[in-house]
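Inspection log for the structure reproduced underneath, given as structure tokens.
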Amino acid sequence: MRSTIMRDRDFSDPGLKRAPSEVRQYWRDAFRAVRSETERRASLLSPEDQVVQSMPDASPTKWHRAHVTWFFETFLLVPHLPGYAIYDERFPFLFNSYYVSAGPRYARPQRGLITRPNAEDVTAYRAHVDRAVAQLIETADDAQSAEIFNILEIGLHHEQQHQELLLTDILHAFAQNPTFPQYDPAWSMPPSVQDDSYVAIPQGIHQIGHDGETFHFDNERPQHRVLTQQVRIGRALITNGQWQDFIADGGYTTPTLWLSDGWAKCEAEGWQAPGYWHDVDGAWHVMTLGGSRPVDPHAPVMHISYYEADAFARWAGKHLPTEMEWEVAARHNLIDDAFGIVWQWTRSAYLAYPGYRAPDGAIGEYNGKFMINQMVLRGSSLATPDGHARLTYRNFFQPPARWQFTGLRLAEYP
Ligand SMILES: [Fe+2]
């Protein structure tokens with residue numbers, strides 16, 4: 001599956017030439033599909049599962065379900081649906097995440113303390129907002145509909161981001177449980193290509209970034225020219241077997257392989273292997289969405305921090321690709337498993353593209369204010385919902401983060 005960008009469903013192109021009734025139908029269907037996918041993911045969890053917050057960076061399932069609902073209520077319904085009344089005046093404080101311009105909010109590390117509203121109350125909140133959004137889609141006048149559907153579309157992509165977090169966060173919670181609960185007993189690792197070869201990326205000037213024609217986040221713009229040097233990129237993702245070689249060769253006990261910050265973190269945390277790896281009778285196992293499973297040496301490694309990816313690259317005598325190298329390689333269809341298994345760390349800092357400006361208003365807080373102290377990841381993961389991935393998508397996390405489905409591929413210079 002070389003560089004397959006979109007899987008199944010892609011609602012990023014409503015088709016401006018369609019009749020207004022068809023456009024409304026399109027958004028009605030898209031809204032229903034995304035909202036029900038969130039509920040499908042949550043349906044495998046009990047109300048108790050939905051409350052837990054296992055660390056400050058992770059949020060409870062119930063909070064995710066309510067927060068994405070608050071997003072539609074705050075940014076779509078309140079400004080655009082005449083007569084809409086906020087479902088519960090206490091909810092904006094509880095379920096605003098980081099939007100300073102949308103008002104005060106509860107402290108993120110304490111989201112697990114919100115036992116009320118309970119999961120059932122959140123279901124009712126979701127149903128209320130679903131009905132109001134359906135009404136807005138039906139009644140939006142033509143003059144306003146472009147803006148309304150634009151916000152609706154951002155809200156859907158936002159909810160899809162939280163669908164992925166819902167899984168990564170519950171996996172972290174379940175990994176703290178010594179009985180290793182199964183989120184989904186039928187879960188299996190997606191198939192992947194094994195290939196040790198490297199392929200040359202065309203040298204010279206290339207365009208990267210989104211052309212603006214279909215949906216994209218603001219951080220993918222403007223499209224701009226970049227210069228690639230002579231470089232080769234690994235066709236395949238790095239596997240657990242290769243990672244075990246790194247461990248056996250003292251990867252976690254050799255400070256010269258590590259960045260200073262990375263080594264400090266490795267020592268402080270006592271890292272000896274990727275996140276969720278644990279010893280069972282002398283063999284490595286890993287906590288997955290299907291519970292604890294033996295580490296498969298042929299599968300791509302996941303749950304590694306940027307620091308570990310960087311140390312591995314140094315050990316291998318290679319580098320992590322830059323995000324522009326990754327995008328050029330993917331555009332030329334040179335790499336396998338770019339999407340759908342693990343996000344791939346790049347050695348690019350998460351910074352604004354030349355000429356980037358954050359949008360006005362609260363939506364401007366979506367991406368721009370996080371452009372500091374984080375590294376870019378490219379591709380998508382096994383937890384990314386269908387239709388959410390893009391060639392130009394820029395995910396970003398802080399270098400120590402390990403609870404996402406994060407892996408790597410390497411690059412080499414002559
Ligand atoms: Fe959010």
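Note that ligands are numbered from 1 as they come in the structure, with each ligand's atoms numbered from 1 the same way. Nothing here was measured: the structure is a model prediction, and the numbers come from that model. Any value given below was found using the heavy atoms of this structure, including those in side chains, with hydrogens, waters and symmetry copies removed.
Using a 30° and 60° split on the angle between ring planes, Tyr125 and Phe91 fall in the perpendicular class, above 60°. Classification of the His216-His210 ring pair by plane angle, with boundaries at 30° and 60°, yields parallel. Ring geometry, Phe75 versus Tyr99: the interplanar angle exceeds 60°, so the pair is classed perpendicular (tilted spans 30 to 60°).
The side-chain tip of Arg35 does not point at the ring of Phe72 from less than 6.0 angstrom away and within 45° of straight on. Stacking of Lys318 on the aromatic ring of Tyr198 is recorded, both the 6.0 Å distance cut-off and the 45° axial limit being met.
By the criterion of a separation under 2.8 Å, the protein N/O/S atoms near the Fe ion (ligand 1) amount to His67 NE2, His158 NE2, His162 NE2.
The backbone N or O of Thr61 sits nowhere less than 3.5 Å from a side-chain atom of Arg41 that would complete a donor-acceptor pair.
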